[in-house]
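Scroll down for the structure; my scribbles are underneath it.
Just so it is clear: chains get the letters A, B, ... in the order the sequence lines come, proteins before strands, and each one is counted from 1. Worth saying up front: this structure is predicted, and the values here are computed from it rather than measured.
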2 protein chains.
Amino acid sequence: MNGRKPMKLEDELKQKTFGSPYRRMVVNVMFTGNWLQKAFSCQLKQYGLSLQQNNVLGILRGQYPNPATLGLIQERMLDRDSNATRLVDKLLEKGLVTRCQCADNRRKVDIVITEKGLELLKQTDTIMQNLEEKYSQITPEEAVQIGELMDKLREREG
Amino acid sequence: MNGRKPMKLEDELKQKTFGSPYRRMVVNVMFTGNWLQKAFSCQLKQYGLSLQQNNVLGILRGQYPNPATLGLIQERMLDRDSNATRLVDKLLEKGLVTRCQCADNRRKVDIVITEKGLELLKQTDTIMQNLEEKYSQITPEEAVQIGELMDKLREREG
DNA sequence: AAACATAAGTTGTATATACAACTATATGGG
DNA sequence: CCCATATAGTTGTATATACAACTTATGTTT
């Protein structure tokens with residue numbers, strides 16, 4: 001009725017079965033996470049940004065007009081192992097952020113998004129939103145539910 | 001009651017809100033996918049295998065005792081952009097696979113998992129399974145549901 | 001205040017990823 | 001049969017990731 005092509009995990013990975021529902025779930029979340037990241041980073045490329053760089057700009061906007069330290073950025077990044085120093089280097093080269101030693105604590109560096117950075121983010125917001133609209137086969141209720149299930153999946157022993 | 005520590009996405013990324021349910025869903029699936037991959041690859045490291053290498057071994061076991069070509073491996077990998085040639089190189093160095101030119105079609109290469117490879121997989125199966133059991137706060141029904149929702153999320157225009 | 005420990009970033013390096021260019025083989029007309 | 005085209009892998013390279021070692025600055029003891 002709506003022209004969507006269902007692509008089950010079994011079809012994607014050309015595998016007949018995945019043993020247990022848990023195995024299938026785990027593989028499916030990994031696969032779908034990668035699939036989403038590629039869709040987004042592919043769109044971002046036209047603006048010369050990687051997914052992580054866009055992520056950092058978003059964090060900086062959240063602090064604006066206050067500065068953020070590298071530590072703050074790192075703990076909020078989607079992928080914490082990315083090297084925040086070098087990501088910020090790249091953004092600095094492009095004039096999207098400023099960086100200077102923090103006056104109070106000279107170990108820290110204050111990073112602030114520039115006007116140019118804010119402008120660029122406005123543009124990438126649009127493509128993010130366009131991409132999100134492509135998932136409209138998922139109802140808002142299901143979107144909420146997926147979010148809740150992901151949170152539950154990450155719960156761990158206290 | 002069961003000592004689990006809930007870690008909502010908002011806590012993980014120290015963000016108050018995610019705009020829309022769709023945005024939260026997308027970010028959460030990406031984040032959770034990465035989170036899972038790290039948990040698995042961290043465990044695999046003790047066997048000197050990366051997640052992708054383990055993935056390739058699994059694919060080869062699926063074909064065993066028949067050979068697989070690089071093309072077949074590539075289309076079944078979780079991350080298709082990984083360079084199958086070089087992944088197989090690594091497995092070859094470790095004696096986990098054999099590789100030889102296909103007799104019928106000399107463009108192709110036949111790759112077969114070795115006994116050593118099969119043995120190693122048995123061990124990594126165990127750790128995979130142990131990890132999966134850690135997600136028992138998710139009921140089997142919910143695991144099925146997550147799988148279905150991931151499939152639905154990836155549906156696209158025909 | 002000197003010595004030790006901790007914190008915040010930076011740098012180095014090995015490996016992995018993304019993507020394009022290249023080589024070798026096979027296939028299908030004319 | 002020869003040439004164009006397609007197929008199957010390989011290689012090169014720029015960027016990114018993972019992780020450890022290293023600076024420099026701050027805090028804490030005694």
Next on the checklist: Base, sugar-phosphate or nothing for A:T85? Non-hydrogen atoms, less than 4.0 Å.
Outcome noted: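 Answer is base: heavy atoms of A:T85 come under 4.0 Å of a base.
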
Item to check | Distance-only donor-acceptor test (3.5 Å): side chain A:R99, base C:dT10 | outcome: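 No such pair is found, so the answer is no.
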
Is [X] near enough to [N] that one of its side-chain N or O atoms lies under 4.0 angstrom from OP1 or OP2?
X      : N      : answer
A:S82  : D:dT17 : yes
B:K45  : D:dA18 : no
A:Q101 : D:dT24 : no

From the set [options], return the single nucleotide nearest to any side-chain atom of [X].
X     : options                : result
B:N83 : C:dA16, D:dT11, D:dA18 : D:dT11
A:S50 : D:dT11, D:dA16, D:dA18 : D:dA16
B:K38 : C:dT17, D:dT10, D:dA18 : D:dA18
A:Q53 : D:dA16, C:dG9, C:dA16  : D:dA16

Checklist entry - Hey, does B:Y135 have a side-chain heavy atom less than 4.5 Å from the side chain of B:I146? => result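 Heavy-atom side-chain distance check fails, nothing below 4.5 Å.
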
Item to check | Approximate separation, where rounding is to 0.5 Å, of A:Q52 CD and A:K90 NZ | outcome: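 Answer for the CD-NZ pair, A:Q52 versus A:K90, is 13.0 Å.
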
Item to check | Positions of residues 103-114 of chain B (non-hydrogen atom under 4.0 Å from DNA chain C), listed by number | outcome: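 Output list: B:N105, B:R106, B:R107.
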
Checklist entry - Given that A:D81 and B:L72 both sit by DNA chain D, which one's nearest nucleotide is further toward the 5' end? => result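 Residue closer to the 5' terminus by nearest nucleotide: B:L72.
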
